[in-house]
Amino acid sequence: MNGPPKLARPDLVPDPDRGRETMEAQQRDIASEARFADDFEFDPATIIDGPLATPDEDPPLVAGIDQAFLDDRVISAIVVSRGGEVVERVYAVTDLSIPYIPGLLAFREGGPILDAVAELTSTPDLFVFDGSGRIHFREAGIATHMGVVLDVPSVGVAKSLLCGTPTRSVEGLAAGERVPIESDEDVTATAGERIGYAVQTRQYDSPNRHINPLYVSPGHRVGAATAADLVLALADGYKLPEPTRRADAYADEAKSLVDD
DNA sequence: GCGACAG
DNA sequence: ATCTTGTCGC
């Protein structure tokens, strides 16, 4: 009952109708305001999503955010859980204004996400977004943009790599393994920085087929290594971390509920 | 002009 | 992202 996080930077809320140059300029501002290093209250070692080892544990509140689409409307769902137990679920239906443009995702889905955040009655300790954070052309992916606007710890979890270069092959990694992603020529403002990790949360036993890794990057107030640790701790037998899976399922549920 | 890119 | 059943492999 603490209420949703306030808009720490209302001036940086993504505005869809402003033109590419302006949007990119704002992303540079976002990147300069972002902190890609650990700066949060909870103990990362207590993060878990599943049966608690000891009954007296009190894991942090983690919010998973995902969206589902219905014509030109988007359903933004947020599921907040603590140690695997769902604490709250909220969603918002918002009209979409611009199409998906690689690099400008936050301007399409950011506003809708903030609409859902406003519905929260709890205050999550960590936000897990669907998409990149620092792994972005201007180091301002949607996880970073939302993290800075709300000034909350956040991480980005993407299913494919937007930009940056893995330091080695990411094919067929074993579950639990990770490979650093470094900034390259596609990432302006930095060079050779460790902007995220390819994280293998799950893998098949057979040599035939293999699962691709997740691409995890810092959103805001979380370092790259910690972001990878957190995602591994939040995964439970599936490729996607549990908070994301719950938000995904809830978004679909709300979608069919809203559908007409 | 070509390439190439989260959701 | 979304349209969608079965089906390959352990």
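A, B, ... follow the sequence lines: proteins, then strands. Residue 1 opens every chain.
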Asks: Identify which nucleotide among C:dC3, B:dG7, B:dC5 has an atom closest to any side-chain atom of A:Leu105, counting heavy atoms from C-beta outward.
Replies: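 So the nucleotide nearest the side chain must be B:dG7.
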Asks: Is there a donor-acceptor contact under 3.5 Å from the side chain of A:Asp38 to the main chain of A:Gly223?
Replies: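 Yes; at least one donor-acceptor contact below 3.5 Å.
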Asks: Just checking, is any N or O donor in the side chain of A:Glu171 or A:His210 under 3.5 Å from an acceptor N or O on the other one?
Replies: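 Yes - a donor-acceptor pair under 3.5 Å links their side chains.
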Asks: Check every atom of C:dC10, C:dA1, B:dA6 against the side chain of A:Ala158 and return the nucleotide holding the closest atom.
Replies: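 Within the option list, the nearest is B:dA6.
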Asks: Check whether the side chains of A:Glu182 and A:Thr165 place a donor and an acceptor atom closer than 3.5 Å, and report yes or no.
Replies: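 No.
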Asks: Consider salt bridge (charged side-chain N to carboxylate O under 4.0 Å, His left out). Of A:Lys159, A:Arg246, A:Arg245, which one does A:Asp130 pass it with?
Replies: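 The residue from A:Lys159, A:Arg246, A:Arg245 that satisfies salt bridge (charged side-chain N to carboxylate O under 4.0 Å, His left out) with A:Asp130 turns out to be A:Lys159.
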Asks: Can you pull every protein N or O that's under 3.5 Å from an N or O on nucleotides 1-4 of chain B?
Replies:
none

Asks: Indicate, with yes or no, if the rings of A:Phe36 and A:His220 have centres closer together than 6.0 Å.
Replies: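 No; A:His220 has its ring centre 6.0 Å or more from that of A:Phe36.
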Asks: Among A:Asp151, A:Leu12, A:Val117, A:Leu114, which residue meets the side-chain contact (heavy atoms from CB on, under 4.5 Å) test with A:Leu7?
Replies: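 Single side-chain contact (heavy atoms from CB on, under 4.5 Å) partner of A:Leu7 among A:Asp151, A:Leu12, A:Val117, A:Leu114: A:Leu114.
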Asks: The side chain of A:Phe137 is closest to which nucleotide in this list: B:dC5, C:dG9, C:dT2?
Replies: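 Minimum distance to the A:Phe137 side chain belongs to B:dC5.
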Asks: Should stems be defined as at least three consecutive Watson-Crick or G-U pairs with both distances under 3.5 angstrom, which of them involve DNA chain C?
Replies: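 Looking at DNA chain C, no stem of three or more consecutive pairs is formed.
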Asks: Counting any heavy atom closer than 4.0 Å, what does A:Tyr100 reach on the DNA or RNA strands: base, sugar-phosphate only, or nothing?
Replies: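 A:Tyr100: base contact, heavy atoms under 4.0 Å.
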Asks: Contact class for A:Ser160 (heavy atom, under 4.0 Å): base, sugar-phosphate, or nothing?
Replies: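 Sugar-phosphate, backbone atoms only, no base.
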Asks: Of all the nucleotides listed (C:dC8, B:dA6, C:dT2), which has the minimum atom distance to the side chain of A:Arg209?
Replies: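 The nucleotide sitting nearest to the side chain is C:dC8.
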Asks: Sequence neighbours left out, what pairs pass side chain to side chain donor-acceptor pair (under 3.5 Å) with at least one residue falling in residues 100-128 of chain A?
Replies: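 Residue pairs with at least one partner in residues 100-128 of chain A: A:Glu88-A:Thr121, A:Glu88-A:Ser122, A:Thr94-A:Asp115.
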Asks: Side chain of A:Glu109: nearest nucleotide among B:dC5, B:dG7, B:dA6?
Replies: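 Nucleotide nearest to A:Glu109's side chain: B:dG7.
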